[in-house]
Amino acid sequence: MIPRQIVTFAVVGVVNTAVYYGLYLLFLHWLPYLGAHAVAFLLSMVGSFFLNARFTYRTRPTLRKFLLFPLTNVTNFLVTTAGVYVIVDVLHAGNRFAPLLASAAAIPVTFVVSRRIMLPGGRSAGDRPRVSA
């Protein structure tokens, strides 16, 4: 079950990253790069919650999970924001591809934390040992 979840999580991550990046580029027309990053990140996180609930963890999206889900992205947000800043302001590498480069380091942590929130106890129904009656 976990290997399927990892693969699905990766696919959802690719879709979510594409949505995020498209929004980031769109918002760059009106906002400074860190503002564009923050708004695009928040909007794509909502989409990520529903995609992961449905496809990765096959669990019902609840208000409680929705409210806890942003915790899964706190580390991701901090790492990517710091990475974007370093790439753009320290390395002077430009702001167009900085978010894509910065996001790679936070992916494993996000999977572990999101799995714990989406599947209380860290297990899905398919992972639980079966008890004979």
Under the criterion ring pair (Phe, Tyr, Trp, His ring centres under 6.0 Å), I'd like the reasoning laid out for H37 against F27: C-alpha separation, chi angles, the key distance, then a yes or no. CA-CA 8 Å; H37 165 68; F27 293 136; over 10 Å; no

Does N76 have any side-chain hydrogen bond (donor to acceptor under 3.5 Å, both in side chains) partners at least two apart in sequence or in another chain, and if so, which? T110

S114 OG to F49 CZ distance, which is reported to the nearest 0.5 Å: 11.0 Å

Would V46 and F66 count as a side chain to side chain contact (heavy atoms under 4.5 Å, CB included) here? Give the steps. CA-CA 8 Å; V46 172; F66 182 76; 4.2 Å; yes

Test side chain to side chain contact (heavy atoms under 4.5 Å, CB included) applied to Y85 and T81, step by step: CA-CA 6 Å; Y85 172 78; T81 301; 5.7 Å; no

Can you name the closest pair of heavy atoms from A40 and L23 and give their distance? CB-CB, 3.7 Å

When every non-hydrogen atom of Q5 is compared with those of R115, the smallest separation belongs to OE1-NE, 2.5 Å

Side-chain (N16) to main-chain (V12) donor-acceptor, under 3.5 angstrom: no

At what distance, to the nearest 0.5 angstrom, does OG1 of T8 lie from OH of Y57? 9.5 Å

Heavy-atom closest contact (A102 atom, V84 atom, distance): CB-N, 3.7 Å

Angle class for the Y20/F41 ring planes (parallel below 30°, perpendicular above 60°, tilted otherwise)? perpendicular

Measure the spacing between CG of L25 and CZ of F97 and express it to the nearest 0.5 Å. 8.0 Å

So do Y24 and Y33 actually touch side chain to side chain, heavy atoms under 4.5 Å? yes

Hey, are the side chains of L100 and T17 touching, using non-hydrogen atoms and a 4.5 Å cut-off? yes

Where L71 and I117 come nearest, the two heavy atoms and their spacing: CB-CD1, 4.2 Å

Least distance between heavy atoms, M45 atom then P70 atom: SD-CA, 3.7 Å

Quick check: closest heavy atoms across R60 and K65, and the distance to 0.1 Å? O-NZ, 3.2 Å

Is V90 reachable from L34 through a run of I, L, V, M, F, W or Y residues, each pair having side-chain heavy atoms under 4.5 Å apart? yes

Determine whether L51 and T56 satisfy the following criterion, side chain to side chain contact (heavy atoms under 4.5 Å, CB included), listing intermediate values before the conclusion. CA-CA 7 Å; L51 290 173; T56 303; over 6 Å; no

